[in-house]
Amino acid sequence: MTTSVKSILLFLTIILYSIPVYSHPNFIPQDKLLHFSTCYIISSTTTSLIYNTTNNRKKAVMYGILTSVVIGGLKELHDRDHGDSDWNDMSANIVGGTLGSIVVVIKF
């Protein structure tokens with residue numbers, strides 16, 4: 001994926017997830033944004049570390065998405081017993097993890 005496509009995806013993600021929150025606070029609940037953002041950071045960090053270690057982009061993206069979804073899933077399992085578990089949280093985890101792995105790769 002070229003740098004310009006990544007930049008456009010990142011820009012659209014920021015616009016879609018930030019503007020509606022300020023204009024309509026209940027449009028995207030803060031909890032979903034936190035799930036999205038956390039998995040975005042986890043997956044982009046994992047993808048970057050794996051890519052810099054192996055130079056294999058497909059493996060790095062796969063591990064990045066998988067790591068964020070597993071951590072998000074473990075959080076939901078914890079919430080099921082101790083809080084408020086919601087399948088929409090898992091959706092936010094998957095979207096954030098996928099975009100974080102595809103859009104951002106930091107080269108060390």
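The hydrophobic clustering, which links ILVMFWY residues whose side-chain heavy atoms are closer than 4.5 Å, places Ile41 and Val95 apart. Both Leu74 and Leu66 sit in one connected hydrophobic cluster of ILVMFWY residues. Membership requires side-chain heavy atoms under 4.5 Å apart, directly or through other members. Linking Ile, Leu, Val, Met, Phe, Trp and Tyr residues whenever their side-chain heavy atoms come within less than 4.5 Å leaves Val70 and Leu49 in two separate clusters. Under the 4.5 Å side-chain heavy-atom criterion for grouping Ile, Leu, Val, Met, Phe, Trp and Tyr, Val61 is not connected to Ile50 through any hydrophobic cluster.
The NE2 atom of His35 sits 6.0 Å away from the CG atom of Asn93 when rounded to the nearest 0.5 Å. The OG1 atom of Thr47 lies 13.0 Å from the NZ atom of Lys59; values are rounded to the nearest 0.5 Å. Considering OG of Ser44 and CG of Leu99, their distance stands at 10.5 Å, rounded to 0.5 Å. Atoms OH and CG, on Tyr63 and Asn56 in that order, are 9.5 Å from each other to the nearest 0.5 Å. Distance check, rounded to the nearest 0.5 Å: NZ of Lys32 to CG of Asn88 gives 5.5 Å.
Within the 4.5 Å cutoff, no side-chain heavy atoms of Asp84 are placed close to those of Asp79.
Below 30°, between 30° and 60°, or above 60°: for Phe36 and Tyr40 the angle between ring planes is between 30° and 60°, a tilted geometry.
The backbone N or O of Leu34 sits nowhere less than 3.5 Å from a side-chain atom of Ser37 that would complete a donor-acceptor pair. Distance alone, capped at 3.5 Å, places no donor-acceptor pair between the Ser101 side chain and the Thr98 backbone. A donor-acceptor distance shorter than 3.5 angstrom exists from the side chain of Ser43 to the backbone of Gly97, with no hydrogens or angles considered. Using modelled atom types, no side-chain atom of Glu76 and backbone atom of Trp87 make a donor-acceptor pair closer than 3.5 Å.
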